[in-house]
Amino acid sequence: MTSRTLFLFCLFVFYGCVNTNARRCDSCMTIPECPEAVSFGRKEKNNLNYVKSILENAKCEGVSMKHGRPSPKICCEDFTNQVLSRLNVLDEEKNITKIEENVNMETHENFKLLPTKCGRSNGERIFGGDFANLYELPWMVIIATEENGKRKFHCGGSIINDKYVLTAAHCLQRHKILGVRIGEYNLNTKEDCSGYASFRVCENHIQNCRVDEIIIHENFTYNPPSNDIALIRLKKRIDLTYKNTEPICLPVFNELIKMDLARKRATVSGWGLTEFARKSPILRKVEIPIKTSYECIQSYLSYNIDETDMKVMCAGEDGKDSCSGDSGGPLVIEDVYNGTFRNIQFGVVSLGPRTCGSGEPGMYTDVRKYVKWILDHIRE
């Protein structure tokens, strides 16, 4: 349904209401001026009686003239409270129903290819710090590309087992990929160190792995980004015995696939742009809140996100966001994984606002919607 059709639909229902409960409120405006009401009308277009009753109760005093015709006003605040609460419940029910049709990933023939030991941080977490600790994010990789005959580090990714790296499709489609670097921390030094005095630790073992196969999601589109997920199969197995190398856990269990992530805080990491518009040579991290589905849709209205089958999530806050160069990196939440607390990758950095840290959230591919795709495309 187009926005114009939706608008006419809402007006049709609205004019059919009896103006008996008009009241005063601080958010009195026309329907098109209230994005929450527009979203409500779109979601509930098959429940005309319910829409009619809500709009009637939301009427406020005054009208606005549009094209020579009076356009009634509503209290927009009504649609940010009980109406949206009801829609969130309906969304959750729909999502759970849809997800439950595709769970039981443990029965997939390739489930055994995912490591049982994953998501364990080998370093002390630095709360509130901008830089990660040396061994804090051992699943991080950085992708090397060739540009104008020179090697450059372009995007991030994450280790999911000893042969595969998970990243964003847009990182791979338009670039010549030379390989991936594993165990990196500071791009400017051969030996990586962190800490001070007696607490200082150093590491000099990195693994440069060549690419055997690039697997981009078959339905990936670049603009707008959709199905922005890909796998890199490496020519040699990653040596996981080193302290700075560890696979990340994937949300393969039912309780993780169905988990409501809204308002949870997640960690994003990479060597991307800093607030000073320069790429960081040292691995950085930031902790950000995950937005609700509704907030995500409103932030990216022009992308026409399918709210009935969302395959992305949004996260970020003022001054904190993933930036250029962080693309392909993981969005990670620490939670219970198979009975123990582990770091679990729920998102892949896909798209951000024009100005990083502006308060608008970044967009992340929702890994939960692609677990089966991942399992379908990995092999021994």
Side-chain angles (χ1 to χ4, degrees), residues 118-119 121 130-147 151-161 164-188 192 206-209 211 214-217 220 225 228-234 238 244-250 266-274 278-288 313 315-316 320-333 343-352 356 362-367 370 374:
C118 60
S121 177
D130 291 328
F131 295 109
N133 200 3
L134 181 59
Y135 297 117
E136 187 179 355
L137 308 169
W139 43 83
M140 285 296 300
V141 308
I142 190 165
I143 299 172
T145 62
E146 183 180 306
E147 298 179 30
R151 184 185 67 182
K152 291 190 176 182
F153 292 109
H154 176 63
C155 278
S158 55
I159 303 168
I160 62 169
N161 73 5
Y164 285 90
V165 165
L166 182 65
T167 187
H170 79 264
C171 287
L172 308 178
Q173 191 181 54
R174 300 181 179 181
H175 301 275
K176 181 179 180 181
I177 308 301
L178 297 179
V180 300
R181 178 170 289 183
I182 295 161
E184 184 60 278
Y185 178 70
N186 187 339
L187 293 168
N188 289 345
D192 296 329
I206 61 172
Q207 300 178 62
N208 290 310
C209 300
V211 174
I214 290 176
I215 307 165
I216 294 175
H217 195 284
F220 165 66
D228 191 9
I229 194 167
L231 291 165
I232 300 175
R233 179 178 168 86
L234 305 175
I238 304 168
N244 62 351
T245 308
E246 170 93 26
I248 189 68
C249 300
L250 296 180
T267 299
V268 182
S269 50
W271 292 265
L273 294 180
T274 69
R278 296 192 300 267
K279 284 193 174 183
S280 171
I282 300 176
L283 180 60
R284 297 169 68 96
K285 63 172 187 177
V286 64
E287 188 178 271
I288 51 178
M313 65 179 73
K320 293 183 177 182
D321 190 16
S322 55
C323 279
S324 176
D326 292 329
S327 289
L331 178 141
V332 173
I333 296 175
N343 289 282
I344 307 160
Q345 181 175 353
F346 283 93
V348 175
V349 180
S350 177
L351 177 72
C356 292
M363 183 187 292
Y364 300 78
T365 303
D366 189 341
V367 174
Y370 295 92
I374 292 170

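Note that the structure is predicted; figures quoted are calculated from it, not measured.
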| Which pair of non-hydrogen atoms, one from Gln345 and one from Gly347, has the smallest distance, and what is that distance? | NE2-O, 3.1 Å
| remark: Interatomic distance, OG@Ser269 vs CG@Asp326, rounded to 0.5 Å, equals 7.5 Å
| message | Between Tyr185 and Ile282, is there a side-chain heavy-atom distance shorter than 4.5 Å? | response | yes
| message | Does any part of the side chain of Ile182, heavy atoms only, come nearer than 4.5 Å to the side chain of Cys209, both counted from C-beta? | response | yes
| field | Derivation and outcome, side chain to side chain contact (heavy atoms under 4.5 Å, CB included), residues Tyr364 and Val268 | value | CA-CA 10 Å; Tyr364 300 78; Val268 182; 3.6 Å; yes
| Can Ile142 and Leu283 be said to form a side chain to side chain contact (heavy atoms under 4.5 Å, CB included), step by step? | CA-CA 10 Å; Ile142 190 165; Leu283 180 60; over 6 Å; no
| task | Could you walk me through whether Val165 and Ile160 pass the side chain to side chain contact (heavy atoms under 4.5 Å, CB included) test, one step at a time? | result | CA-CA 6 Å; Val165 165; Ile160 62 169; over 6 Å; no
| query | So His175 and His154, would you call those rings parallel, tilted or perpendicular, with 30° and 60° as cut-offs? | reply | tilted
| Got a second to check how far Asn161's CG is from Ile248's CD1, nearest 0.5 Å? | 13.0 Å
| query | Any side-chain heavy-atom pair from Tyr370 and Val348 closer than 4.5 angstrom? | reply | no
| query | Sub-3.5 Å donor-acceptor pair from the side chain of Thr167 to the main-chain atoms of Gly156, do we have one? | reply | yes
| task | Could you check if a side-chain atom of Cys118 sits within less than 4.5 angstrom of a side-chain atom of Trp139, using non-hydrogen atoms only? | result | no
| query | Looking at CZ of Arg151 and CZ of Arg181, how far apart are the two atoms once the value is rounded to the nearest 0.5 Å? | reply | 5.0 Å
| query | Are any of the side-chain heavy atoms of Val367 and Phe346 separated by less than 4.5 Å? | reply | no
| request: Give, for atom OG of Ser158 and atom CG of Leu166, the distance between the pair rounded to the nearest 0.5 Å. | output: 4.5 Å
| Beyond-backbone contact of Glu184 with Trp271, side-chain heavy atoms, under 4.5 angstrom | yes
| field | Gap separating the CG atom of Leu172 from the OG atom of Ser327, nearest 0.5 angstrom | value | 11.0 Å
| query | Hey, are the side chains of Val141 and Ile159 touching, using non-hydrogen atoms and a 4.5 Å cut-off? | reply | yes
| field | Minimal non-hydrogen separation, Pro330 against Gly157, with atom names | value | CD-O, 4.2 Å
| said: What's the separation between atom CE in Met140 and atom CG in Asn244, rounded to the nearest 0.5 Å? | reply: 13.0 Å
| field | Closest non-hydrogen atom pair, Ser350 against Thr365 | value | CB-OG1, 3.9 Å
| field | Expected output: side-chain Asp192 to main-chain Asn186 donor-acceptor under 3.5 Å | value | yes
| note | Between Glu246 and Gly119, the two heavy atoms sitting closest are OE2-N, 3.8 Å
| query | Does any N or O in the side chain of Asp228 come within less than 3.5 Å of the main-chain N or O of His170, such that one atom is a donor and the other an acceptor? | reply | yes
| Between Gly328 and Cys171, what is the shortest heavy-atom contact and its length? | N-SG, 4.0 Å
| query | Are any non-hydrogen side-chain atoms of Thr145 and Lys176 less than 4.5 angstrom apart? | reply | no
| field | Heavy-atom closest contact (Leu231 atom, Ile374 atom, distance) | value | CD1-O, 4.1 Å
